[in-house]
Each structure stands twice: as structure tokens, then as C-alpha cells.
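Data block below; observations after.
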Amino acid sequence: MGLLDYFRSSQAKNSAGVAKERLQILVAHDRAVRGRPSYLPQLQQEILEVIRKYVDVDLDAVSVNYEQEDEREVLELNIVIPDAPHASHAP
Amino acid sequence: MARIIVITSGKGGVGKTTTSAALAMGLAQRGKRTVVIDFDVGLRNLDLIMGCERRVVYDFINVINQEANLNQALIRDKRCDHLYVLPASQTRDKDALTKEGVGRVLEELAQSYDFIVCDSPAGIEHGATMAMYYADDAIVVTNPEVSSVRDSDRMLGILSSRSRRAENSDEPVREFLLLTRYNAERVEIGEMLSVEDVQEILSLNLLGVIPESKAVLNASNSGIPVILDRESDAGQAYGDVVSRYLGEEVPHRFIHTEKKGFLSRIFRG
Ligand SMILES: Nc1ncnc2c1ncn2[C@@H]1O[C@H](COP(=O)(O)OP(=O)(O)OP(=O)(O)O)[C@@H](O)[C@H]1O
Ligand SMILES: [Mg+2]
């Protein structure tokens, strides 16, 4: 019983700490998204279309990551291509 | 030339209208010619907090649409000569607030007032962006709570990208944090984010901390801006906010629980 009380009170004690931690993550994510150029989704879509002309990849095979560093902006493209060479739509 | 102050938050119900009324009254009491505008079209309640709801004839939208002139729409406060209220419309929809229309009205007001206080509606939609667009200063009203702090941060993003000052690459809008509904007891036992926690996340200039206070509801019940209740903690905290806004150095109060405060509260009954 005493232990349970202790547990409850330390839960309560921590709730502000939990809130702060969650906020730090949320706000960092929001800020990262906010800084992204608005053309990113379309860029991603068009790159995917081009790739799919040549390779049979999944719809989520292309991911675009944007990061702002001190001096420059970094655009990172990640394309997942299947290992098996079933790219050619052979008959 | 007037200074335009927006009272904004993102999240609803955090104390924007309470703050707009208090700040406007406080500035006017110090001799500043002040007008406070309700941007909450459709849900107007600044006039209720100011206690002038029965004197509303024309509103902000009437002036924007040139159906009335400013002199017809402005309501002079009965307690303070320097204070005027421009109420919102209860009937129109938010689109009636056009950028040009709002700009025209603010420009005209700027000729004869020192401060224009804009009470923003909640959200980050049209009404809120119109309220902040022309701002010189922004007071971001925040409660010590996850969703409110997050919304404040989003509002800061909007201020720094979509305000007139941002668009014209002028000196940026001056941003201040006002933490309201603060409960020092709960902060002390770790149940509520502290002022330091919120500061660490938002890193804004702290304009003040307004305690959670019964005086706020009492004041709104009677249509008296809480800053006029000088006995109350919230009234005094808003008084300090006005001083700080005007550049005075005033130590922060109501942030920590005080034994003395606790006792005197008991004795006061
Ligand atoms: N410091 C405070 N202590 C206690 N209650 C408060 C305090 N500040 C505001 N309130 C209460 O919170 C409620 C919302 O306040 P207010 O109307 O000022 O918020 P708002 O941000 O303007 O809301 P909205 O987003 O709907 O316009 C009201 O009932 C008010 O009495
Ligand atoms: Mg309001």
C-alpha cells in the first residue's frame, strides 16, 4: 500500500517531466517540417515516376529528406531498388 | 504612429481575450491612447469582458465594408478616457476580414492612437492570420500544458514567415511570452510545466506569468478587466505585464509558492 502510494506520487511528480520531454520532440519535429521547401512532395512524386519508368519499385521506394545545416541545406534522396533483377517487364 | 500588438496563441481558451482587455486597460490607464479590436468574428466576446456589450451599434466588419465610420463603431470606455473598443461582428463570416480592409482600418487608427491591441481568435486560420499580419509586437499567450506550448511554437513560425514584417523583410515582429493560468503549487510538485520548462522550449522574452486565479472569472462575470482588481493576484500580475511591456524592470511574481502568501491568503479569508 505504502509502496503503491509512493509509486503514484512519483508518477505525479514526473508528469511535468514527461510533458517537457514530449514537447521537446514534438517541437523539434514541427520546426523541421516547417523549414522544408514546399516543393518536396511533388519532387518526390516526380522522381518516383521517373524511376518507375526503368525499375519496378514500390510506391514508397523513394524517400526525400531535407535538413538545414548551418551553412547549407542538404537534400537526401533514398531509393530502394529490389535485389532481384525483375526490372524488365519481359514477356 | 501607433504600435500594433497582437494577442495570439494558436490554442483556444488560454486567456487571449482576458489578456487583451487587461493590457488595453493598463496601457490606457497610463495615459496611452489605446484601442482594442476584437478579431474573433462570429464569436465576439471582448465586449463582454470589457463590459460594453450593450453599447455595440456598429462593428469592425461594418467599418471594413464602409457601412459605418470608425467614430460610429468605436466604443469609449466609461472607466478610462483613453480607451476605445472596436467590437467584432456576431453575424458575418470570417472572410469578411480582408487584408486590405483590415490594413485600411489599422492605418486610420494608427493616426490617432498610441497602441492598437488585436485580440486574435483561436486557431491558425484566416481570422488568426489577419489579426497577426500587421503586428509590430506579438504577445504569445501560453498555458503550461503540452498542446498550448506546441501551438504557441507553431504560431511563432507563422509570425516569422507570414506577417507583414516578414514579407517585407522589415525588422521582425517582437515576440513575447505570457504564461497564463499558472499554478505554482502544481509546478512545485511536478504536475505542471514550469516557467523555465516553457522558456527552454520556446526561448522567448518572458513578459510575465499570470497565476490561475478566481479573480479572472469574477472580473469577467461583471464585465471588468481583471487588471482593475488591484487586490487580486491576477490583477497585479497583469499590472506588472503592462509595466514590463512599457520597458520598466519589474521582478517576476507569482512564480513560486510563498509561505507568506499562503498565510495571508488564509487570513484574508
Ligand atoms: N489566469 C486565469 N485564471 C483563471 N481562469 C482564467 C485565467 N485566464 C483565463 N481564464 C479563463 O479561461 C477562459 C478562457 O479565457 P479567454 O476567453 O480569455 O481565452 P481566449 O484565449 O480568449 O479564448 P478563445 O480562444 O476562445 O478566444 C475563461 O473562462 C477565463 O475566465
Ligand atoms: Mg478570445
Side-chain angles (χ1 to χ4, degrees), chain A residues 1-49 59-79, chain B residues 8-11 14 123-124 128-129 132 140 142-163 166-167 172-173 175 177 179 181-204 209 211-212 255-257:
Chain A
M1 194 57 206
L3 198 64
L4 195 63
D5 279 346
Y6 173 76
F7 179 68
R8 279 211 188 100
S9 79
S10 70
Q11 280 278 88
K13 273 201 179 84
N14 283 333
S15 83
V18 174
K20 186 178 174 188
E21 239 167 68
R22 291 173 64 210
L23 260 172
Q24 281 167 328
I25 295 166
L26 263 175
V27 164
H29 178 259
D30 286 348
R31 287 178 185 164
V33 170
R34 205 188 288 157
R36 278 179 203 169
S38 55
Y39 57 71
L40 279 193
Q42 194 171 356
L43 177 77
Q44 180 165 355
Q45 189 56 39
E46 287 182 21
I47 288 174
L48 181 68
E49 278 163 26
L59 286 170
D60 57 1
V62 175
S63 63
V64 177
N65 199 19
Y66 174 87
E67 259 166 59
Q68 214 152 8
E69 295 178 357
D70 295 337
E71 290 289 304
R72 55 194 176 157
E73 291 148 65
V74 178
L75 191 62
E76 188 186 286
L77 274 182
N78 204 348
I79 304 166
Chain B
T8 188
S9 70
K11 187 171 160 69
V14 296
I124 50 175
T129 51
M132 66 90 204
V140 183
T142 307
N143 291 169
E145 177 241 322
V146 174
S147 58
S148 174
V149 176
R150 185 203 194 177
D151 283 2
S152 293
D153 190 67
R154 294 161 94 181
M155 210 58 224
L156 291 168
I158 294 175
L159 280 161
S160 63
S161 61
R162 282 156 56 192
S163 61
E167 283 181 4
V173 176
E175 299 158 341
L177 172 65
L179 203 54
R181 308 201 69 163
Y182 196 76
N183 185 325
E185 280 88 13
R186 300 195 73 182
V187 171
E188 208 124 289
I189 57 172
E191 287 184 359
M192 187 180 262
L193 289 165
S194 68
V195 58
E196 293 84 8
D197 292 337
V198 179
Q199 276 287 77
E200 200 179 313
I201 289 162
L202 296 178
S203 20
L204 284 180
V209 175
E212 171 79 22
I255 291 183
H256 301 291
T257 52

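What's counted below: heavy atoms across the whole structure, side chains too, no hydrogens, waters or symmetry copies. In the text below, chain A, chain B and the rest are named by the order of the sequence lines, each starting its count at 1.
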Can you pull out the residues in residues 147-155 of chain B with any heavy atom less than 4.5 Å from chain A?
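If one takes a 4.5 Å heavy-atom cut-off, the residues of residues 147-155 of chain B near chain A are B:Val149, B:Arg150, B:Asp153, B:Arg154.
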Identify the two heavy atoms, one from [X] and one from [Y], that lie closest to each other, and give their separation to 0.1 Å.
X       : Y        : result
A:Gln24 : B:Ile201 : CG-CG1, 4.0 Å
A:Ala19 : B:Val146 : CB-CG2, 3.6 Å
A:Arg34 : B:Gly157 : NH1-CA, 3.6 Å

Quick check on B:Glu167: does its CD atom have over 12 non-hydrogen neighbours (other residues, nucleotides or ligands) under 6.0 Å away?
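For B:Glu167, atom CD is crowded (more than 12 foreign heavy atoms under 6.0 Å).
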For a 4.5 angstrom cut-off between non-hydrogen side-chain atoms, does A:Leu23 reach B:Asp197?
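They are not in contact (no side-chain heavy atoms under 4.5 Å apart), so the answer is no.
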